[in-house]
Amino acid sequence: MINYNGKRFRPVADGAPEESRVAVYHQDGDLLWGEFLGGKARRGALTGTAGADGSLDFAYCMVLDDGDVVSGHCRSTPNVLSDGRIRLDEVWERFGAHASSGVSVIEEIPQAS
């Protein structure tokens, strides 16, 4: 099982990291939670579970820069990169007035040495 506790992630668009948004994950057993901010999100939170294979299943909620509140669900599949960092391929769905769905990629931010 992958332990996500304390790992930081950022989105990857067109193969390059998006420096402005950061998510920090926490884990206790199979329970996963985290917080994120940056990009268009003033603040966001997620809560869910981590599978034995490292897959993640969670709900999220965030407040955007314009004050809109967005919530949804995400399923993430991990891939371990050649340097040992984790890349998560995400399939997400937003609910309510902001209903949409899509795919995205986030990668673990390397630990500072």
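We use all heavy atoms of the structure for the numbers below, so side chains are in, but hydrogens, waters and symmetry mates are not.
Taking hydrophobic clusters as Ile, Leu, Val, Met, Phe, Trp and Tyr residues chained together by side-chain heavy-atom distances below 4.5 Å, Leu37 does not share a cluster with Val63. Leu46 and Val12 fall into different hydrophobic clusters, defined by Ile, Leu, Val, Met, Phe, Trp and Tyr side-chain heavy atoms under 4.5 Å apart, directly or through other members. Residue Leu56 is not grouped with residue Trp33 when hydrophobic side chains (ILVMFWY) are merged at heavy-atom distances under 4.5 angstrom, including chains of intermediate members.
Taking all atoms of both residues into account, the shortest heavy-atom contact from Cys74 to Glu90 is SG-CB, 3.7 Å. Nearest heavy-atom pair across Gly84 and Glu108 is O-OE1, 4.4 Å. The two residues Phe36 and Ala41 make their nearest non-hydrogen contact at CE1-CB, 4.2 Å. Gly48 and Leu31 make their closest contact through O-CD1, 3.6 Å (heavy atoms, listed as atom of the first residue, atom of the second, distance). When every heavy atom of Arg10 is checked against every heavy atom of Arg21, the shortest pair comes out as CB-O, 3.2 Å.
In this structure, Trp92 and Ser76 have side chains that are not in contact, with every pair of non-hydrogen atoms separated by 4.5 Å or more. Contact annotation: the side chain of Val91 never approaches that of Thr77 to less than 4.5 Å [non-hydrogen atoms, C-beta and beyond].
With Phe9 as the fixed residue, the side-chain contact (heavy atoms from CB on, under 4.5 Å) test singles out one of Val24, Val105, Ile109, Leu88: Leu88.
A donor-acceptor pair under 3.5 Å is absent between the side-chain atoms of Tyr60 and the main chain of Gly34, judged by distance alone.
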